[in-house]
There are 2 protein chains.
Amino acid sequence: MELFVRRLAAHSDLDAEERDAVLQLPVQLLEVRSNVDFVRLGEQIDHACLVAEGLVGKFGQTEDGRRQIVSVHIPGEMADLSSLMMPQAATALNSLSSTTILRVAHKDLRALGLRYPSIATAFWRSSVLDGAIVAQWLVNVGRRDARARLAHLFCEMAVRYRLLDQSDGRRYTLPMTQEQLGDALGLTSVHVNRTLQHLREEKLLRVERSAVTIMDWKALVRAGEFDTLYLQRPDL
Amino acid sequence: MELFVRRLAAHSDLDAEERDAVLQLPVQLLEVRSNVDFVRLGEQIDHACLVAEGLVGKFGQTEDGRRQIVSVHIPGEMADLSSLMMPQAATALNSLSSTTILRVAHKDLRALGLRYPSIATAFWRSSVLDGAIVAQWLVNVGRRDARARLAHLFCEMAVRYRLLDQSDGRRYTLPMTQEQLGDALGLTSVHVNRTLQHLREEKLLRVERSAVTIMDWKALVRAGEFDTLYLQRPDL
DNA sequence: GGCAACTCCTATCATATGTTAAAGACGGCA
DNA sequence: TGCCGTCTTTAACATATGATAGGAGTTGCC
């Protein structure tokens with residue numbers, strides 16, 4: 001929860017009272033093992049899901065069962081704040097690894113927004129920033145080849161982990177399988193594997209189990225044409 | 001402007017006074033010819049752009065100049081309401097055809113939101129719904145083949161035009177070139193052309209100049225695996 | 001009314017990525 | 001310690017889509 005507040009405060013001004021009010025939000029703990037859809041397509045939602053540990057993917061689905069990950073959420077991020085404004089889920093939430101979730105009731109979030117307008121604004125801004133990331137992924141998937149897509153994703157995740165002080169920016173834990181990486185990038189697991197090896201041979205980065213080690217940040221940024229503009233963090 | 005209010009009222013409750021307040025918003029008229037970037041990447045924005053006539057594309061860009069359209073906006077839609085919360089443009093705005101824009105100052109929008117909280121909420125919801133469309137596009141581009149992508153896009157636009165009463169749902173004007181369609185779908189203009197012909201041979205739809213005629217709605221929906229869930233308009 | 005600039009259409013060829021399948025590696029559980 | 005399920009890695013082959021280029025229509029401008 002502190003991570004969530006830190007994240008909000010990183011892009012929106014909140015005074016001590018407001019930060020405290022967010023911290024006081026009642027939550028319900030939920031532990032899910034790997035690969036569980038804990039929010040299903042079309043479901044009517046009355047609570048938002050804050051990631052406390054693990055990794056969550058937001059999934060879109062095609063009729064023949066192929067899945068596309070539309071966003072991933074690391075600890076400290078609210079995976080579906082948007083559900084407040086769109087209570088019928090148009091997208092599923094799935095645990096990419098074993099994960100613990102804090103469920104926050106919509107009514108409490110709404111009450112908080114009414115009481116503290118700057119919190120409402122912070123939530124709104126948060127939705128918008130999430131949207132900017134999705135838009136960037138669309139560029140990535142629509143216009144870049146596999147190598148650039150992977151490089152871009154690893155750059156983005158490095159910055160996002162660093163934002164929450166969960167990494168020094170060179171090394172972080174990303175518990176995704178190659179299949180899941182493929183789902184995020186519009187690729188096959190086979191092709192992800194090929195390309196990952198290529199990136200390793202080039203000495204740009206290494207992925208072992210879930211540990212990502214970036215060996216050449218500048219080259220990786222170049223390979224992924226990565227620009228932090230869309231993350232609104234010029235400094236990182 | 002009336003169209004914009006109608007759109008807001010379609011998903012958020014606004015009383016007469018609030019609707020009126022939106023209508024009173026001061027605007028600045030801007031006419032742009034086809035293919036002009038009237039908002040550039042990285043620019044600092046202090047106004048939002050409401051489409052009055054024509055068609056606007058939100059573009060992401062790759063270093064070698066390939067472009068990806070991240071969303072298109074028809075008359076009555078605010079193309080970059082999100083700029084209120086993210087004033088540095090991470091995405092460009094380009095006129096897909098000759099277009100007229102109404103510019104609305106951020107400060108006026110902010111003042112309106114402060115004065116009428118339901119308007120602030122309506123804006124927030126509007127951002128979230130826009131985001132849901134982008135997410136769906138990501139699924140489309142990441143996991144469907146060219147035929148399905150095109151079908152999906154044409155279904156979506158039919159519904160969106162119908163929402164604003166600008167079409168009977170079978171026929172509408174979409175002033176996009178095949179190149180621009182390719183930019184929206186992560187395809188080449190050549191392949192768009194091939195696939196469009198295929199769709200015509202199948203008697204699903206016809207596109208002449210800018211006139212889209214849907215010949216077999218149900219088949220088109222099937223081809224694009226189109227489900228209105230993400231548009232939050234179960235009825236259309 | 002004619003030139004210039006876009007679009008659209010077609011054809012050929014090139015290639016990145018998908019498909020399928022099977023064999024290792026790894027890791028958790030009994 | 002050993003087994004079983006999941007994940008990774010390889011290989012051979014298939015195909016959707018890209019690249020390039022040229023011609024034929026349109027459109028709009030002077």
Side-chain angles (χ1 to χ4, degrees), chain A residues 33-36 54-55 57 62 64-68 94-98 140-151 153 173-201 205-212 223, chain B residues 31-36 54-55 57 62 64-68 94-98 140-151 153 173-201 205-212 223:
Chain A
R33 63 182 61 255
S34 188
N35 193 27
V36 174
L55 204 60
T62 180
D64 58 337
R66 305 165 90 190
R67 306 187 106 200
Q68 171 72 38
N94 176 286
S95 47
L96 298 179
S97 68
S98 89
N140 207 24
V141 171
R143 287 300 183 207
R144 291 199 250 259
D145 66 13
R147 175 170 172 272
R149 286 186 215 178
L150 277 160
L153 179 66
T173 304
L174 186 74
M176 289 177 78
T177 67
Q178 297 182 353
E179 179 109 36
Q180 291 166 340
L181 285 171
D183 284 344
L185 298 172
L187 298 169
T188 312
S189 66
V190 173
H191 201 57
V192 168
N193 184 286
R194 286 197 272 249
T195 312
L196 237 30
Q197 284 177 59
H198 189 210
L199 285 171
R200 173 149 36 87
E201 282 160 20
L205 90 161
R206 217 168 332 143
V207 183
E208 296 149 322
R209 320 267 177 74
S210 305
V212 177
Chain B
E31 307 251 8
V32 286
R33 61 183 62 252
S34 188
N35 193 28
V36 173
L55 203 60
T62 183
D64 58 336
R66 306 166 89 190
R67 305 188 107 199
Q68 170 70 39
N94 175 287
S95 47
L96 297 178
S97 68
S98 88
N140 206 25
V141 170
R143 287 301 184 206
R144 291 199 250 258
D145 66 13
R147 174 170 172 271
R149 286 185 215 178
L150 276 161
L153 179 67
T173 304
L174 186 74
M176 287 176 79
T177 66
Q178 297 183 350
E179 178 107 37
Q180 290 167 340
L181 285 171
D183 284 344
L185 299 171
L187 297 169
T188 311
S189 65
V190 173
H191 201 57
V192 168
N193 184 286
R194 287 197 270 249
T195 311
L196 238 29
Q197 283 177 61
H198 189 209
L199 285 171
R200 173 147 36 86
E201 281 160 19
L205 90 160
R206 216 167 334 142
V207 182
E208 298 149 323
R209 318 267 177 75
S210 305
V212 177

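We name chains A, B, ... by the order of the sequence lines, and we start the count at 1 in each one.
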- Query: Taking atom P of C/dC6 as reference, at what distance in whole Å does atom CG of B/L181 sit?
  - Reply: 19 Å

- Expected output: side-chain A/T195 to main-chain A/R147 donor-acceptor under 3.5 Å: no

- Return each pair, listed once, that meets salt bridge (charged side-chain N to carboxylate O under 4.0 Å, His left out) where at least one residue sits in residues 186-195 of chain B; pairs must be two or more places apart or across chains. none

- Any donor-acceptor pair under 3.5 Å linking the side chain of A/S97 with the backbone of A/P175? no

- In whole angstroms, the gap separating P of C/dT7 from CG of B/L174 amounts to 14 Å

- Atom CG of B/D145 and atom C1' of C/dA16 are separated, to the nearest Å, by 16 Å

- On DNA chain D, which is the earliest and which the latest nucleotide, 5' to 3', with an atom closer than 4.0 Å to a heavy atom of chain A? D/dC7 to D/dA12

- Query: A/Q68 side chain to B/N140 main-chain N or O, any donor-acceptor pair under 3.5 Å?
  - Reply: no

- Message: Pick the closest DNA chain D nucleotide for B/R149 and for A/Q180 by heavy atoms, then say which residue is nearer the 5' end.
- Response: A/Q180

- Check whether any side-chain heavy atom of B/L196 lies under 4.5 Å from a side-chain heavy atom of B/L181, and answer yes or no. yes

- Just to confirm, is there a sub-4.0 Å distance from OP1 or OP2 of C/dC9 to any side-chain nitrogen or oxygen of B/Q178? yes

- Item | Shortest non-hydrogen contact between A/V192 and A/L150, atoms and distance | O-CD1, 4.2 Å

- Is the side chain of B/S95 donor-acceptor paired with the backbone N or O of B/V32 at a distance under 3.5 Å, no angle test? no

- Task: Could you tell me whether B/G186 contacts a base, only the sugar-phosphate backbone, or nothing, with contacts defined as non-hydrogen atoms closer than 4.0 Å?
- Result: sugar-phosphate

- Message: What is the separation between atom CG on A/D183 and atom P on C/dT17, rounded to the nearest whole Å?
- Response: 16 Å

- To the nearest angstrom, how far is B/E179 atom CD from C/dT7 atom C1'? 10 Å

- Hey, is the main chain of B/L96 close enough, under 3.5 Å, to the side chain of B/Q180 for a donor-acceptor pair? yes

- Query: If the sugar-phosphate is the primed atoms plus P, OP1 and OP2 and the base is the rest, what is the B/S/- string for nucleotides 24-30 of chain C, using protein heavy atoms under 4.0 Å?
  - Reply: --SS---

- Task: Heavy atoms only: give me the nearest A/R66-A/D64 pair and the separation to one decimal.
- Result: CD-OD2, 3.1 Å

- Query: Do A/V207 and A/Q178 have side chains that get closer than 4.5 Å, going by heavy atoms?
  - Reply: no

- Gap between atoms CZ and P, on A/R147 and C/dT15 respectively (whole Å): 18 Å

- Strand contacts (DNA chain D) in residues 188-198 of chain A, 4.0 angstrom heavy-atom criterion: A/V190, A/N193, A/R194, A/Q197

- Item | Contact summary for A/H191 and A/L187, nearest pair of heavy atoms | CD2-CD2, 4.2 Å

- Message: Does anything in residues 178-191 of chain B form a salt bridge (charged side-chain N to carboxylate O under 4.0 Å, His left out)? List the pairs, not counting sequence neighbours.
- Response: A/R143-B/D183

- Message: Looking at B/R149 and B/V141, would you say the former's side chain and the latter's main chain have a donor-acceptor pair under 3.5 Å?
- Response: yes

- Query: Can you give the dot-bracket line for DNA chain C, using ( ) for pairs inside the strand, [ ] for pairs that cross earlier ones, | for pairs with another strand and . for unpaired bases, where Watson-Crick and G-U count if both distances are under 3.5 Å?
  - Reply: |||||||.|||||||||||||||.||||||

- Query: Can you find a pair of side-chain heavy atoms, one from B/R200 and one from B/L205, that are under 4.5 Å apart?
  - Reply: no

